[in-house]
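Encoded as structure tokens, the structure appears first; notes follow it.
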Amino acid sequence: MASPADLLARRVAPSAVIALSRVTWPARLGAATRRRLGRRGRVELFFAFDDPCSAIAVIDLTERLAGRDVRLLLKPVVRRGIEDDPAVELKRRYAIDDARRLGRRSGLELARREPLAAQDVGFLAEWVAAAPQGPALTRFCVAAQHRLWLESEGPVERADYGLLWRACLGGRPPATGGPQALRRNERLMRRRRPYDTPAAWVHGQWFFAHDRLAQIAERLDDLGWTAGA
């Protein structure tokens, strides 16, 4: 029969290893320092408007971060994935099935059944990349992803999204700076190490955001940015 010490080691040690693997002391110290300086936590979300899994991540993660003292920084990209990947079209079709499965966990139902072309929604990525971060921009991204993937299978009309921009942010979308801002996002995503969307960078650790939403929340908890705190 195992001794009490053996039982304690078996039960406590694995959970301690898991906790230590989720967050390192430097990350914890850095988070505490940010709070002492009055700075909020940060979640950088790299996403694409032609990616249905990004739609799930943007919508769900926005809700999960509500009530936390954490900024969601939305960083759209167009170029991502493995260069010259021969399976890219197959992956795009699989992403729709994957997003439909994951969306149901969050009470989201995909309406679109065919992939979107990057060039059809590239203007949205340029608008968002060139605009200042904040709640209004987040509202636009959530509303645009809803419309693109959950509400319609029709063509993407630029004028319709211009009206949506006005409703969320006021005025017109940025007329300049979009392509340059997109390239900066794509370079930053490569430096962070993710190779495809949606990817979240959370204080030194990255996650595939569509199927690691709970783990992102756990990391923020471990770093002290709990809901309602």
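Model, not experiment: these values are computed from the prediction. For this chain, numbers begin at 1 and follow the sequence in order.
Residues that satisfy the salt bridge (charged side-chain N to carboxylate O under 4.0 Å, His left out) test with Arg101, not counting sequence neighbours, are Asp98.
The shortest side-chain heavy-atom distance between Phe46 and Lys75 falls under the 4.5 Å cut-off. Within the 4.5 Å cutoff, side-chain heavy atoms of Phe140 are placed close to those of Leu124. Proximity of Gln145 to Leu150: side-chain heavy atoms (C-beta onward) are nowhere separated by under 4.5 Å. Side-chain contact between His210 and Phe208: present, with at least one pair of heavy atoms (C-beta onward) separated by less than 4.5 Å.
The pair Arg80-Glu186 does not meet the salt-bridge criterion, since no charged nitrogen lies less than 4.0 angstrom from a carboxylate oxygen.
Separation of atoms CG (Asp50) and OG1 (Thr197) is listed at 7.0 Å; rounding is to 0.5 Å.
Partner Asp69 forms a salt bridge (charged side-chain N to carboxylate O under 4.0 Å, His left out) with one of Arg34, Arg39, Arg40 and no other, that one being Arg40. Of the listed residues (Arg64, Arg68, Arg28), just one forms a salt bridge (charged side-chain N to carboxylate O under 4.0 Å, His left out) with Asp221, and that residue is Arg68.
Counting only N and O atoms by type, the side chains of Gln133 and Arg71 include no donor and acceptor under 3.5 Å apart.
Within the cation-pi definition used here (under 6.0 Å to the ring centroid, within 45° of the axis), Arg147 qualifies as a partner of Tyr161. For the pair Arg35 and Trp225, the distance from NZ or CZ to the six-membered ring centre is under 6.0 Å and the angle to the ring normal is within 45 degrees.
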Between Glu89 and Lys91, does the salt bridge (charged side-chain N to carboxylate O under 4.0 Å, His left out) criterion hold? Intermediate values first, please.
CA-CA 5 Å; Glu89 290 304 318; Lys91 289 178 179 178; over 6 Å; no
